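Notes follow the structure.
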Amino acid sequence: MEIRNCINYILHRGQQTVVQVFRKELQPLDITPVQYGILIYLITENGCLSSDIAKEFGLESSTVTGIIDRLEQKGLLKRKAKPNDRRANSIEITPKTLNIFDDMVAASERGNEIIEQKLGKEDFIKLKELLSRIYEE
């Protein structure tokens with residue numbers, strides 16, 4: 001099989017392009033696409049465990065720990081010991097995250113618009129539907 005016909009290659013190259021677009025849009029906020037995803041997740045799941053984040057994003061716990069460390073250093077997250085289990089920390093957003101929330105959403109919308117323009121509206125919607133079917137549990 002030619003490499004350019006391999007689904008893994010096609011998805012990887014597409015993902016690289018999408019990440020580059022989103023990285024550029026999020027750069028003024030000093031956050032990466034994966035940091036953006038975690039912050040947005042925490043808007044609705046504030047106080048969850050890092051293991052919840054790892055499961056949601058399909059990441060290793062050690063990777064999530066590093067991302068949380070960097071977001072904590074930026075003042076966007078804080079760890080808080082759970083009262084019933086001192087070994088576990090809940091992960092919480094800070095007021096600084098709420099202050100940049102609208103800008104994060106706007107950057108994400110611009111990223112989506114850029115990719116949608118490359119594909120056209122119908123194909124963009126269809127691509128999201130098809131990719132969602134691949135990773136659904």
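These figures come from a predicted structure and were not determined experimentally.
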Inter-residue atom distance [X].[atom1] - [Y].[atom2], 0.5 Å rounding:
| X | Y | atom1 | atom2 | result |
| --- | --- | --- | --- | --- |
| Asn8 | Gln15 | CG | CD | 11.5 Å |
| Ile40 | Glu45 | CD1 | CD | 12.5 Å |
| His12 | Ile7 | NE2 | CD1 | 13.5 Å |
| Lys121 | Lys126 | NZ | NZ | 15.5 Å |

Heavy-atom check, side chain of [X] versus side chain of [Y], under 4.5 Å:
| X | Y | answer |
| --- | --- | --- |
| Leu119 | Leu127 | yes |
| Ile31 | Leu76 | yes |
| Phe124 | Ile115 | yes |
| Glu92 | Leu42 | no |
| Ile38 | Ile91 | no |
| Ile43 | Ile93 | yes |

Grab the two heavy atoms, one from [X] and one from [Y], that are nearest each other, plus how far apart they are.
| X | Y | value |
| --- | --- | --- |
| Glu56 | Tyr41 | CG-CE1, 3.5 Å |
| Gly111 | Glu25 | N-CG, 4.0 Å |
| Ile53 | Cys48 | CG1-SG, 3.8 Å |
| Phe22 | Asn112 | CZ-N, 3.6 Å |
| Cys6 | Met1 | CA-SD, 3.6 Å |
| Leu39 | Leu71 | CD1-CD2, 4.0 Å |

Looking at Arg79 and Asp69, is any side-chain nitrogen of the basic one under 4.0 Å from a carboxylate oxygen of the acidic one?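 Looking at Arg79 together with Asp69, the answer is yes, because their closest N to O distance falls below 4.0 Å.
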
Inspect the contact between Lys78 and Glu72 and indicate whether a charged nitrogen and a carboxylate oxygen are less than 4.0 angstrom apart.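 Looking at Lys78 together with Glu72, the answer is no, because their closest N to O distance does not fall below 4.0 Å.
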
Is there a chain of hydrophobic side chains (I, L, V, M, F, W, Y, each step under 4.5 Å between heavy atoms) that links [X] to [Y]?
| X | Y | answer |
| --- | --- | --- |
| Ile114 | Leu131 | yes |
| Val19 | Val34 | no |
| Leu26 | Leu98 | yes |
| Leu77 | Val105 | yes |

With side-chain contact (heavy atoms from CB on, under 4.5 Å) as the test, would you mind laying out the steps for Lys74 and Asp30 before giving the verdict? CA-CA 9 Å; Lys74 294 176 183 185; Asp30 191 31; 3.7 Å; yes

Check: [Y] main-chain N/O paired with [X] side-chain donor or acceptor under 3.5 Å:
| X | Y | result |
| --- | --- | --- |
| Thr63 | Leu59 | no |
| Gln73 | Arg70 | no |
| Ser90 | Leu49 | no |

Is it the case that atom CD in Glu129 sees more than 12 heavy atoms from other parts of the structure closer than 6.0 Å?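 Enclosed.
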
Over 12 non-hydrogen atoms of neighbours within 6.0 angstrom of CD in Gln16: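 Counting other residues, nucleotides and ligands, CD of Gln16 exceeds 12 neighbours.
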
